[in-house]
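Here is the structure we will look at.
These values consider heavy atoms only, across backbone and side chains, with no hydrogens, waters or symmetry-generated copies. Numbering of ligands and ligand atoms starts at 1, following listing order.
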Amino acid sequence: MAEQVAVPRHIAIVMDGNGRWASRRFLPRIAGHKQGVDALKRIVKACASRHVPVLTVFAFSSENWNRPAEEVSGLMDILALALAREVSQLQRDGVQLHFVGDREALSARVRKGLEDAEVATAGNSLLTLNVCFNYGGRWDIASAAARLAAAGTPITEESLSGALALAHCADPDLVIRTGGEKRLSNFLLWQAAYSELCFSDVLWPDFDEAALDAALQEYASRERRFGQTSQQIAESTETRR
Ligand code: IPE
Ligand code: IPE
Ligand code: MG
């Protein structure tokens with residue numbers, strides 16, 4: 001019988017490289033972000049067909065407000081447009097959408113779009129898609145801790161995990177960053193504690209099924225030890241057989 005390849009239960013992706021993709025074609029950076037939406041649509045389908053139940057993507061960081069105003073407003077427009085255009089397809093594909101991040105700073109139009117999309121897709125169960133927008137790992141941890149403190153709840157690893165923005169999902173098994181940089185840039189600081197990290201040089205707009213499969217292959221070849229020794233892992237696999 002063929003060896004069962006481990007499929008991650010949760011993949012998280014830092015979708016990086018849109019600007020460089022556009023610059024290489026002498027296009028404005030925003031053209032790269034638009035192309036990035038198509039890459040996301042492709043990868044959502046690919047994850048669903050590979051039976052990955054949860055996909056979390058980093059679309060706009062707390063720090064991305066520091067970009068030129070024109071690029072920031074272009075990104076907001078792309079989000080609003082994608083919400084208006086894609087929700088019916090997500091419905092057909094059985095995708096449940098969640099927005100993760102600080103909504104306060106977003107315009108009323110964008111906020112309404114997010115809420116409508118979440119309500120419309122709430123009954124879907126094939127793939128959970130978390131879109132991190134105006135998200136930062138530090139924001140997530142600090143605001144969860146502040147809420148617990150305000151409620152007088154003791155702060156423990158368990159209570160804090162349960163108060164974070166991704167409490168509805170298990171921690172990511174695999175974190176992929178495209179675009180060649182090797183850093184987390186404030187993504188899932190708590191939840192990525194034991195994730196396997198995979199860095200791809202492919203720029204996000206070019207990220208396709210083959211690039212995803214390469215990351216899945218790399219993931220399958222890793223030994224996840226969670227602090228144990230290799231020998232302990234081998235022994236527990238033996239006893240499970
Ligand atoms: C990632 O692509 C998308 C966002 C951060 C919004 P970039 O825009 O960071 O692309 P590069 O890194 O400049 O190529
Ligand atoms: C991280 O990419 C954020 C997103 C992909 C949304 P950046 O391009 O903003 O990260 P840095 O600034 O290079 O670390
Ligand atoms: Mg970047």
Between ligand 2 and the protein, which N/O pairs are shorter than 3.5 Å?
residue  : atom   : partner : partner atom : Å
ligand 2 : 8 (O)  : D16     : OD1          : 3.2
ligand 2 : 8 (O)  : R67     : NH2          : 3.2
ligand 2 : 9 (O)  : N64     : ND2          : 2.9
ligand 2 : 9 (O)  : R67     : NH2          : 3.3
ligand 2 : 10 (O) : R177    : NH2          : 3.3
ligand 2 : 10 (O) : S185    : OG           : 3.4
ligand 2 : 13 (O) : R183    : NH2          : 2.8
ligand 2 : 14 (O) : R183    : NE           : 2.8
ligand 2 : 14 (O) : S185    : OG           : 2.6

Less than 3.5 Å apart, any donor N or O on the side chain of [X] or [Y] sitting next to an acceptor on the other?
X    : Y    : result
N18  : H33  : yes
Q228 : R225 : no
R177 : S185 : yes
W65  : N134 : yes

Measure across D201 and G180 and return the closest heavy-atom pair with its distance rounded to 0.1 Å.
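Shortest heavy-atom separation between D201 and G180 comes out as OD1-CA, 3.4 Å.
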Could you give the distance from CG (L164) to SG (C169), rounded to the nearest 0.5 Å?
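Answer for the CG-SG pair, L164 versus C169, is 12.0 Å.
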Determine whether V14 and V100 fall in the same hydrophobic cluster, where Ile, Leu, Val, Met, Phe, Trp and Tyr are linked whenever their side-chain heavy atoms lie under 4.5 Å apart.
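Cluster IDs for V14 and V100 match.
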Does an N or O from W21, backbone or side chain, lie closer than 3.5 Å to an N or O of ligand 1?
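Between W21 and ligand 1, no N or O pair is found under 3.5 Å apart.
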Distance under 6.0 Å and angle within 45° of the ring axis: does R25 meet both against W21?
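Output yes; distance and angle both within limits.
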Can you name the residues that form a side chain to side chain contact (heavy atoms under 4.5 Å, CB included) with F26, not counting sequence neighbours?
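With sequence neighbours excluded, F26 shows a side chain to side chain contact (heavy atoms under 4.5 Å, CB included) to no residue whatsoever.
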Could you name each residue pair satisfying ring pair (Phe, Tyr, Trp, His ring centres under 6.0 Å) that touches residues 105-136, not counting sequence neighbours?
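Listed once each, the pairs are F58-Y135, F60-F133.
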Excluding waters, which protein N, O or S atoms are within less than 2.8 Å of the Mg ion (ligand 3)?
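You should have found D16 OD1.
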